[in-house]
Engineer: 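Below you'll find the structure I mean.
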Number of protein chains: 2
Amino acid sequence: MSLEFILLGLLRRPASGYDLKKFFDEGIGYFWAAELSQIYPTLKRLEKRGWVRSRAAASKRGSGRRVYVTTPAGRRALREWLRGEPQFGDERFAYLAQVYFMDELKDLRQTIRFFGRMRDHFATKLDALRMLDRRWAEADPRYPDDLPTSELHLQLTLRKGLLSLEAHVLWCDEAIRRMGARLPGAKPRRPQPKRAS
Amino acid sequence: MSLEFILLGLLRRPASGYDLKKFFDEGIGYFWAAELSQIYPTLKRLEKRGWVRSRAAASKRGSGRRVYVTTPAGRRALREWLRGEPQFGDERFAYLAQVYFMDELKDLRQTIRFFGRMRDHFATKLDALRMLDRRWAEADPRYPDDLPTSELHLQLTLRKGLLSLEAHVLWCDEAIRRMGARLPGAKPRRPQPKRAS
DNA sequence: GCGTCCATGTAAACGGTTACATGATTGC
DNA sequence: GCAATCATGTAACCGTTTACATGGACGC
């Protein structure tokens with residue numbers, strides 16, 4: 001269960017369940033999401049196992065908070081996870097299934113519109129990551145290759161998001177162009193001369 | 001529930017639960033997976049709803065099969081799904097979380113090895129898709145831009161896999177190179193001269 | 001006779017989401 | 001007074017995986 005280890009990682013700095021939820025939403029949402037209703041029971045489970053401990057604390061608004069932090073045993077468990085195999089869950093892409101079956105609509109314009117909407121989606125996410133990247137570069141002259149090693153690890157995950165989303169946008173653009181060329185009235189493609197073989 | 005619609009799409013050609021499982025494993029595994037224990041009850045549910053119908057059939061080995069096919073009502077449901085919004089489930093990448101926290105190990109060589117294993121994984125999948133791509137190109141001179149529209153849709157999903165996995169491999173290579181340059185004994189990078197601004 | 005493939009299912013567990021419930025505090 | 005934010009939790013449900021169960025037919 002990856003969430004447990006992710007919490008162990010995040011709780012190397014003390015935080016409440018509520019804090020963690022915010023961090024998922026605002027910080028690392030591009031690779032993991034979690035709901036409060038899942039976070040709270042998981043924290044209790046980790047505490048029972050001795051991997052985190054908690055103390056009551058005051059909150060600005062409302063009643064008390066409970067702040068958790070990873071214990072040495074928790075750190076050992078985290079390190080074991082990190083030394084293990086990369087966790088590739090099998091990826092499911094419903095939107096790819098939609099493209100796969102889209103010929104059912106017998107309407108290429110519809111597919112083009114669908115790709116347009118996907119492009120918007122990916123481009124928006126890409127813009128957000130580019131913003132993060134730019135801000136970081138402006139704030140730290142060591143960015144990216146002279147950062148301290150700990151921050152390099154974060155930068156590498158950001159870089160993955162950038163490369164991946166760029167590929168997604170490229171895919172949409174290419175697909176839209178290729179389908180546009182098939183629309184009635186489109187300039188016919190020059191037939192590709194085969195290379196001498 | 002995307003699986004239902006994927007089955008409706010696949011069952012435009014008649015197939016048994018067992019056939020479908022094979023197709024997930026050998027055909028469209030790069031965007032969806034399903035177990036037999038999930039396929040069989042789903043087929044029954046779809047039949048009860050009138051979206052597929054079934055008939056008993058003989059099997060080569062073993063006892064009888066049950067072959068399902070999508071009904072006109074099922075096709076209408078499928079088309080509605082296809083005309084709707086692209087389904088982006090929130091993506092979870094446990095291996096990115098591992099990279100994110102990998103500084104905990106305080107051992108850059110370990111991170112490099114981790115990236116090496118990830119590279120292998122992605123490169124293997126990429127090779128498999130490239131093989132598919134090459135075979136298709138050899139078998140059909142219309143590949144890729146003069147394919148009939150129905151096959152173009154399939155080609156576009158394959159193209160996504162290729163672009164995406166290429167980006168993943170590129171990411172690993174880049175990361176390994178950048179980390180290698182930080183290892184003690186590595187040739188120090190030439191400091192990047194800032195562009196005149 | 002034994003393993004593999006064909007073929008269909010059920011039951012329990014798991015990870016995650018949605019809905020529901022409660023309550024204090026601050027700013028408008 | 002009311003909405004938003006801070007804060008913690010439970011219960012029901014949903015989609016998926018893992019484990020279990022059964023049995024016929026073919027090749028070695």
Side-chain angles (χ1 to χ4, degrees), chain A residues 1-8 10-11 14-26 28-29 31-49 52 54-68 81 87-94 97, chain B residues 1-8 10-11 14-26 28-29 31-49 52 54-68 81 87-94 97:
Chain A
M1 198 202 183
S2 300
L3 177 63
E4 290 183 352
F5 296 105
I6 292 170
L7 293 186
L8 290 180
L10 295 176
L11 289 174
S16 68
Y18 193 87
D19 296 337
L20 291 166
K21 169 63 175 159
K22 266 201 196 158
F23 198 68
F24 279 109
D25 291 349
E26 292 160 23
I28 59 174
F31 69 76
W32 207 269
E35 297 300 321
L36 281 169
S37 62
Q38 196 189 4
I39 292 171
Y40 287 123
T42 304
L43 287 172
K44 289 197 166 170
R45 201 163 60 240
L46 290 174
E47 185 161 38
K48 209 174 286 177
R49 214 180 296 165
V52 303
S54 71
R55 54 182 174 77
S59 66
K60 322 163 191 190
R61 271 144 140 85
S63 38
R65 309 163 1 108
R66 182 152 292 270
V67 174
Y68 292 82
W81 184 63
Q87 302 284 306
F88 306 107
D90 47 35
E91 296 165 3
R92 284 177 160 86
F93 302 102
Chain B
M1 197 201 182
S2 299
L3 176 63
E4 290 184 351
F5 296 104
I6 292 170
L7 293 186
L8 291 180
L10 295 176
L11 289 173
S16 70
Y18 194 84
D19 296 336
L20 290 166
K21 168 62 175 160
K22 266 201 194 158
F23 198 68
F24 279 110
D25 290 349
E26 293 160 22
I28 59 175
F31 70 74
W32 206 268
E35 298 301 322
L36 281 168
S37 61
Q38 196 189 4
I39 292 171
Y40 287 123
T42 305
L43 287 171
K44 289 198 165 168
R45 202 164 59 241
L46 290 174
E47 185 161 38
K48 207 173 285 176
R49 214 179 294 164
V52 302
S54 71
R55 55 182 172 78
S59 68
K60 325 165 189 190
R61 270 148 142 84
S63 38
R65 308 163 1 106
R66 182 151 291 272
V67 174
Y68 292 83
W81 184 62
Q87 302 284 304
F88 307 107
D90 46 36
E91 295 164 6
R92 286 175 159 89
F93 303 101

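No experiment lies behind these values; they were computed from the predicted model shown. Proteins get letters first, then strands, A, B, ... in listed order; numbering begins at 1 in each.
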Engineer: Does C:dG15 have its OP1 or OP2 closer than 4.0 Å to a side-chain nitrogen or oxygen of A:Arg45?
Structural biologist: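 Looking at the OP1 and OP2 atoms of C:dG15, neither is under 4.0 Å from any side-chain N or O of A:Arg45.
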
Engineer: What residues form a side-chain contact (heavy atoms from CB on, under 4.5 Å) with A:Gln38, not counting sequence neighbours?
Structural biologist: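 Expected list: A:Met1, A:Leu3, A:Ala34, A:Thr42.
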
Engineer: Is there a donor-acceptor pair closer than 3.5 Å between any side-chain N or O of A:Gln87 and the backbone N or O of A:Ser2?
Structural biologist: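 Between the backbone of A:Ser2 and the side chain of A:Gln87 there is no qualifying donor-acceptor contact (under 3.5 Å).
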
Engineer: Using nucleotides 8-11 of chain D, report all nitrogen or oxygen pairs with the protein that are shorter than 3.5 Å.
Structural biologist:
from: D:dT8; atom 1: OP1; to: A:Arg66; atom 2: N; distance (Å): 2.8
from: D:dT8; atom 1: OP2; to: A:Tyr18; atom 2: N; distance (Å): 3.1
from: D:dT8; atom 1: OP2; to: A:Tyr40; atom 2: OH; distance (Å): 2.8
from: D:dT8; atom 1: O5'; to: A:Tyr40; atom 2: OH; distance (Å): 3.3

Engineer: With side chains defined as the heavy atoms from C-beta onward, is the minimum distance between A:Leu8 and A:Phe5 less than 4.5 Å?
Structural biologist: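 In short, these two side chains touch, coming nearer than 4.5 Å.
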
Engineer: Check the distance between D:dA7's P and A:Leu43's CG and give it to me in whole angstrom.
Structural biologist: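 From A:Leu43 CG to D:dA7 P: 14 Å.
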
Engineer: Looking for any heavy atom pair under 4.0 Å, which part of the strands does B:Lys21 touch: base, sugar-phosphate only, or nothing?
Structural biologist: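 Nothing: the residue B:Lys21, judged by heavy atoms under 4.0 Å, touches no strand.
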
Engineer: Using whole Å, report how far CD of A:Glu26 lies from C1' of D:dC6.
Structural biologist: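 That distance rounds to 13 Å.
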
Engineer: Can you check the A:Phe24 CZ to C:dT17 P distance for me, whole Å?
Structural biologist: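 Answer to the nearest Å: 10 Å.
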
Engineer: Assuming nearest nucleotide by heavy-atom distance, tell me which of A:Ser2 and B:Ala58 is located more 5' along DNA chain C.
Structural biologist: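 Checking each residue's closest nucleotide, the 5'-ward one belongs to B:Ala58.
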
Engineer: Between N or O atoms, less than 3.5 Å apart, protein on one side and nucleotides 20-25 of chain C on the other: list the pairs.
Structural biologist:
from: C:dT25; atom 1: O4'; to: A:Gly62; atom 2: N; distance (Å): 3.1

Engineer: For A:Leu20 and D:dC6, what is the distance between atoms CG and P respectively, to the nearest whole Å?
Structural biologist: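 From A:Leu20 CG to D:dC6 P: 15 Å.
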
Engineer: Please state how far atom CD in B:Glu35 lies from atom C1' in D:dA21, giving the value in whole angstrom units.
Structural biologist: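 About 17 Å, once rounded to whole Å.
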
Engineer: Using whole Å, report how far CG of A:Asp90 lies from P of C:dC14.
Structural biologist: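 In whole Å, C:dC14 P lies 19 Å from A:Asp90 CG.
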
Engineer: Measure CZ/B:Arg92 against P/D:dT16 and give the value in whole Å, please.
Structural biologist: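 Whole-Å distance recorded here is 13 Å.
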
Engineer: With sequence neighbours excluded, tell me which residues meet side-chain contact (heavy atoms from CB on, under 4.5 Å) with A:Arg65.
Structural biologist: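 A:Arg65 satisfies side-chain contact (heavy atoms from CB on, under 4.5 Å) with A:Ser16, A:Asp19, A:Ser59, A:Val67 only.
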
Engineer: If the condition is salt bridge (Lys or Arg N to Asp or Glu O under 4.0 Å), which residues does A:Arg66 pass it with, not counting sequence neighbours?
Structural biologist: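 A:Arg66: no salt bridge (Lys or Arg N to Asp or Glu O under 4.0 Å) contacts found.
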
Engineer: Looking at CH2 of A:Trp32 and CG of A:Leu7, how far apart are the two atoms once the value is rounded to the nearest 0.5 Å?
Structural biologist: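 Here the interatomic distance stands at 10.5 Å.
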
Engineer: Compare all side-chain heavy atoms of B:Tyr68 with those of B:Leu20 and state whether any distance is below 4.5 angstrom.
Structural biologist: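 B:Tyr68 vs B:Leu20: side chains apart.
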
Engineer: So, using side-chain contact (heavy atoms from CB on, under 4.5 Å) as the criterion, who are the partners of B:Phe93 when residues are at least two apart?
Structural biologist: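 side-chain contact (heavy atoms from CB on, under 4.5 Å) check on B:Phe93 returns A:Phe31, A:Glu91, A:Lys160, B:Glu91, B:Tyr95, B:Leu96.
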
Engineer: Working to the nearest 0.5 angstrom, can you tell me the gap between B:Lys21 NZ and B:Glu26 CD?
Structural biologist: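 With rounding to 0.5 Å, NZ (B:Lys21) is 10.0 Å from CD (B:Glu26).
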
Engineer: What is the distance, rounded to the nearest whole Å, between atom CD of B:Gln87 and atom P of D:dG15?
Structural biologist: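 After rounding, the gap between these two atoms is 12 Å.
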
